[in-house]
Amino acid sequence: MRIESAFLLPAHDGLEVAKLMSEYDFKAIEARWQAAWQEKNTFCTLGPGDAGFDASKPKYYVLDMFPYPSGAGLHVGHPKGYTATDITARYKRHRGFNVLHPMGWDAFGLPAEQYAIQTGTHPAVTTEANVNNFRSQLQALGFSYDWSREINTTDPNYYRWTQWIFKQLYNKGLAYQSEVPVWWCEQLGTVLANEEVINGRSERGSFECVKKPLRQWMLRITQYADRLLADLQGLDWPDSVKAMQREWIGRSEGAELHFQPACADGTAVGAPFTVFTTRPDTLFGATFCVLSPEHPLVDAITAPEHAAAIAEYRELATRKSELERAELQKDKTGVFTGAYAQNPVFPKGDPRHLIPIWTADYVLMSYGTGAIMCVPDGDERDREFACKYDLEIRQILDGDKMVHSDFLNGMRKDESIPAMIAWLEENGLGTGKVNFRLRDWLFSRQRYWGEPFPILHEMNAAGERTGTISLAADEDLPVSLPELDDFTPSAGGEPPLARATDWITVVDQDGKTWKREVNSMPQWAGSCWYYLRFLDPHNSGAAWDRAKEDYWMPVDLYVGGAEHAVLHLLYARFWHKVLFDCGLVSHSEPFQKLVNQGMVQSFAFKDSRGVLIPVNEVEAKEDGTYFIRESGEVVEQLTAKMSKALRNVINPDDVIREYGADTLRLYEAFMGPVTASAPWNPRDLPGVFRFLQRTWRVFERGIGSEENVDIECALHRCIKKVGGDLEAMGYNTGIAAMMEFINTATKVKLPLTSAQAASFCILLEPFAPHLAEQLWCDTAQPSELAFASWPSFDPSKLVADTIEIPVQINGKLRARAVVATDCNRDDLEAAARGALAELLEGEIRKVIVVPGRMVNFVMA
RNA sequence: GGGGGAGUAGCCCAAUGGCAGAGGCAAAGGACUUAAAAUCCUUCCAGUGCGGGUUCGAGUCCCGUCUCCCCUACCA
């Protein structure tokens with residue numbers, strides 16, 4: 001692209017510059033308008049309490065999942081979602097909404113801390129540099145964020161309120177300390193939440209994790225399990241995300257029942273144990289029980305002659321990491337304890353009364369009660385185990401009917417389960433019970449770069465904790481992070497905050513000594529409520545103003561990646577419900593509509609052995625196949641995630657440099673439906689770039705005084721289509737409609753009228769705002785483009801006077817009839833008969849006439 | 001094993017149950033040009049993974065089946 005010297009004139013001479021330009025110079029245009037938006041605070045949003053705020057207008061809160069500002073900067077996946085929300089935000093402004101469209105930084109987290117450990121650079125320094133980089137990258141894309149509302153979770157003025165919300169949780173009894181077996185990751189030097197451990201490895205870094213008992217802070221999310229489940233129903237969320245949350249909460253109905261352990265001779269030994277089952281009605285078929293190796297009762301009931309074998313098995317199980325357990329998959333192992341359980345449905349002396357108790361690691365201590373009753377006739381896993389160890393299999397099911405089950409015989413499960421629960425409760429043997437997979441949320445980490453807890457532990461004279469806890473007073477918030485220069489865990493495995501000896505010790509007015517909590521909050525804390533802080537980001541007296549919350553909430557559109565389907569979205573819903581119960585927010589759910597944008601993938605190449613080859617080692621042949629440059633070996637093209645190793649990462653800065661931000665935005669939106677994943681295909685970029693160029697050329701013709709009917713019809717079709725598509729987030733088809741219009745205008749070779757130009761600029765603005773602003777300015781439109789009313793379309797201009805209607809016989813196209821557009825049923829049928837003529841000889845059974853659409857004759 | 005989603009032209013992708021094609025890429029031809037690039041114009045191509053069903057009419061709805069992607073998994 002040629003740069004003329006005129007382009008270098010300052011922005012305020014823009015009108016003159018535009019006249020000198022002969023080509024679409026995106027660089028000058030984008031720089032100019034980004035500066036203008038910033039200077040004029042175009043996208044600064046007023047809210048309740050602000051002077052000039054118009055409360056009569058409807059509101060629209062459109063939110064992106066705010067990013068973690070990584071050192072790698074933005075990649076082209078980020079703008080896919082951000083472009084979608086920006087298009088919608090800009091569209092809603094044209095529709096007269098007060099639009100809240102903010103951006104911020106989820107900036108606490110591990111990478112900055114690990115970088116600090118390696119280099120000594122303070123995480124705050126790294127974070128600030130990364131944030132500055134992210135901000136300028138986002139601004140280069142021309143997003144209409146209200147930057148005056150920018151927030152950063154690591155800002156003490158922000159985490160002050162994160163701590164304040166924690167206090168509300170604590171005061172409601174939802175935060176507690178517990179010595180729990182937790183996932184400990186040696187490499188990361190911290191504990192992790194269940195959700196952060198996948199197959200025994202850390203989600204971040206994929207390091208091995210082990211279970212270890214430690215004193216930790218927990219949040220009672222389980223208390224909200226039922227509501228978190230039930231309220232999913234009213235949300236406009238993807239089914240997949242709802243399904244994932246449902247599974248994660250894992251509600252299952254069944255019963256708990258109690259078994260008395262006994263020796264081989266039937267004498268009771270040890271305390272009764274409880275099992276959870278979804279099929280208590282299969283108790284007549286229970287032929288053994290299994291306790292998890294970690295179950296506390298195992299030692300107590302093990303018969304002496306089995307003690308050695310049991311000890312060895314338990315030792316093996318504890319050493320086996322969760323990873324190994326998962327890898328061994330279905331290969332079940334177990335050991336007999338030598339003890340028996342009394343099956344209460346059979347009398348003493350009945351050979352079916354005593355059933356052996358085994359221990360096996362396919363039963364997990366972390367689910368249910370850590371003990372199960374086994375019904376090999378009903379459960380596949382139990383059957384497999386029974387077969388392997390030659391345990392009894394007793395039939396209780398015939399098809400879907402119960403058999404050999406006394407009072408349950410002949411019933412289906414919908415009758416037999418309640419019947420059995422009633423019987424159990426009557427006899428004091430068990431109760432109906434709802435069980436959840438959801439565990440309480442492990443809420444503490446052993447990190448520096450996180451929110452400190454507003455917690456003080458009382459110390460006695462000997463320097464020991466008394467167990468009394470007090471909360472930091474509201475006026476003492478924030479509890480700021482102390483300065484450190486060593487971020488590694490301190491001696492004795494204490495978190496890095498334990499190194500800040502001055503910071504830790506607090507002496508109160510009475511001279512009593514307290515020590516600060518040295519754990520910190522997990523990264524999720526800040527993202528649990530950031531959407532509320534955006535409403536009132538500079539409020540120093542409260543987390544948010546209630547009137548502002550009342551006006552803006554809930555979030556109308558929330559866009560982000562599917563990877564947050566359970567973690568962030570479940571935690572945020574939990575906090576929001578707690579805030580709702582505290583009377584601090586007006587709705588029980590924060591995010592009304594959720595959309596997961598698809599992944600932007602990239603091409604990769606695979607050789608004949610299946611090895612992935614970096615993109616820069618591959619060249620294309622003329623016939624469209626690919627080969628390795630050095631060896632000449634032909635490789636297969638496939639779609640993969642972008643990764644440094646494959647060298648197929650696309651940097652948005654490069655795209656902006658070559659084609660401009662408008663082209664990048666347009667391409668991201670044109671790739672396909674916003675929810676679909678698709679590979680970044682550099683060959684498609686010139687297509688959208690050409691569209692912008694053609695648009696530029698159409699406007700280069702200047703403004704015409706005469707209204708051309710073809711252009712006018714095409715424009716009204718375009719207005720209708722783009723508006724409808726934007727309501728449905730059909731960005732790709734909306735762009736196609738604008739291309740259609742520009743193609744028509746290009747062919748007609750006449751200038752647009754001023755009104756036509758204005759309408760088209762408004763349609764274009766959400767997608768390619770810089771170019772739209774320039775054209776708006778060049779055609780001397782009054783008012784401000786960003787808030788110009790969306791044009792309306794004239795239905796009479798949408799269609800021609802006559803249309804061609806397909807005429808079918810038995811659903812097959814046989815002729816066409818040209819009729820007036822507003823042709824009625826009878827006239828249409830007559831015209832159709834005329835078009836078919838002699839083909840209609842024979843019995844006509846039925847005639848289907850759809851005015852404006854088609855005619856179908858059903859013939860014998 | 002369970003759950004979610006997708007299969008339409010050489011490729012990406014459109015089609016309130018109503019003529020399979022809006023748009024883009026690629027390809028071919030032409031105009032312009034000394035030439036090339038750019039630009040403009042024109043053209044080419046599938047019957048919708050497969051098998052049934054409902055319907056006057058199915059890419060679209062229902063049943064079955066195959067393939068691919070994502071999530072999840074001894075959850076009792």
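From a predicted model like this one, the values you see are computed outputs, not experimental measurements. Keep in mind that the numbers below use all heavy atoms, side chains included, and drop hydrogens, waters and symmetry copies. All chains are named by letter (A, B, ...) in the order of the sequence lines, taking the proteins before the strands, and each is independently numbered beginning at 1.
- Counting only heavy atoms from C-beta outward, the side chains of A:L570 and A:W441 never approach each other to under 4.5 Å.
- Nucleic acid contact class of A:M739 (heavy atoms, under 4.0 Å, all strands): sugar-phosphate only.
- Among the atoms of the strands shown, none is found under 4.0 Å from any heavy atom of A:D382.
- When each of A:G811 and A:I372 is assigned the nucleotide of RNA chain B with its nearest heavy atom, A:G811 is the one assigned upstream, toward the 5' end.
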Requested in this report: Check the pair A:F691 / A:F670 against ring-ring contact (aromatic ring centres under 6.0 Å, His included), numbers first and verdict last.
Outcome: CA-CA 12 Å; A:F691 160 65; A:F670 193 56; 8.5 Å; no
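- A donor-acceptor contact closer than 3.5 angstrom is absent between the side chains of A:N435 and A:S252.
- Among the heavy atoms of the strands, none lies under 4.0 Å from A:R845.
- Rounded to whole Å, atom P of B:rU72 lies 8 Å from atom CH2 of A:W248.
- Contact annotation for A:M671: backbone-only contact, meaning every heavy-atom pair under 4.0 Å involves sugar-phosphate atoms and none involves a base.
- Residue A:Q808 places no side-chain N or O under 4.0 Å from the OP1 or OP2 atom of B:rC56.
- Taking CD1 of A:I396 as the reference point, atom CG of A:D281 lies at 7.0 Å (rounded to 0.5 Å).
- Checking B:rC74, B:rC19, B:rG18 against the side-chain heavy atoms of A:V850 singles out B:rG18 as nearest.
- Interface remark: the A:D684 side chain does not form any donor-acceptor pair with the B:rC25 base, using a distance-only criterion of under 3.5 Å.
- If you check B:rA22, B:rC56, B:rG18 against the side chain of A:M854, the one that comes closest is B:rG18.
- Side-chain proximity of A:V363 to the nucleotides B:rA76, B:rC13, B:rU72 is greatest for B:rA76.
- No side-chain donor-acceptor contact under 3.5 Å links A:T695 and A:Y24.
- Side-chain nitrogen and oxygen atoms of A:R381 include none within less than 4.0 Å of the OP1 or OP2 phosphate oxygen of B:rG1.
- A:R814 places its CZ atom 21 Å from the P atom of B:rG18, with the value rounded to the nearest Å.
- Closest contact between the side chain of A:R697 and the listed nucleotides B:rA76, B:rC41, B:rU39 involves B:rU39.
- Nearest nucleotide to the side chain of A:I848, out of B:rC41, B:rC74, B:rG18: B:rG18.
- Rounded to whole Å, the distance from CG on A:L813 to P on B:rG18 is 15 Å.
- Among the protein residues, A:D239 comes within range of the sugar-phosphate backbone only, with heavy atoms under 4.0 Å from sugar or phosphate atoms but none that close to a base.
- At a cut-off of 3.5 angstrom, the base of B:rC74 holds at least one donor-acceptor pair with the side chain of A:K332.
- Contact annotation for A:E380: no contact, since no heavy-atom pair falls under 4.0 Å across all strands.
- Which of B:rA76, B:rG3, B:rC41 sits closest to the side chain of A:A243 comes down to B:rG3.
- In this structure, CZ of A:R437 is placed 12 Å from C1' of B:rC71, rounded to the nearest angstrom.
- One can place CD1 of A:I249 at 15 Å from C1' of B:rG3, the figure rounded to the nearest angstrom.
- Set against B:rU39, B:rA14, B:rA76, the side chain of A:R690 has B:rU39 as its closest nucleotide.
- Residue contacts for A:K242: at a heavy-atom cut-off of 4.0 Å it reaches no nucleic acid atom on any strand shown.
- Rounded to an integer number of Å, the gap from CZ of A:R279 to P of B:rA76 is 12 Å.
- Judged purely by distance below 3.5 Å, without hydrogens or angles, the side chains of A:Y667 and A:N681 never pair a donor atom with an acceptor atom.
- Residue contacts for A:R853: at a heavy-atom cut-off of 4.0 Å it reaches a base atom on one of the strands shown.
- Closest to the side chain of A:D361, out of B:rC74, B:rA22, B:rG24, is B:rC74.
- When heavy atoms are screened at a 4.0 angstrom cut-off, A:N856 is found touching base atoms of the nucleic acid.
- Among the protein residues, A:P679 comes within range of no part of the nucleic acid, since none of its heavy atoms lies under 4.0 Å from any strand.
- Across all strands shown, B:rG5 is found opposite B:rC68 as a Watson-Crick or G-U wobble partner, with both distances under 3.5 Å.
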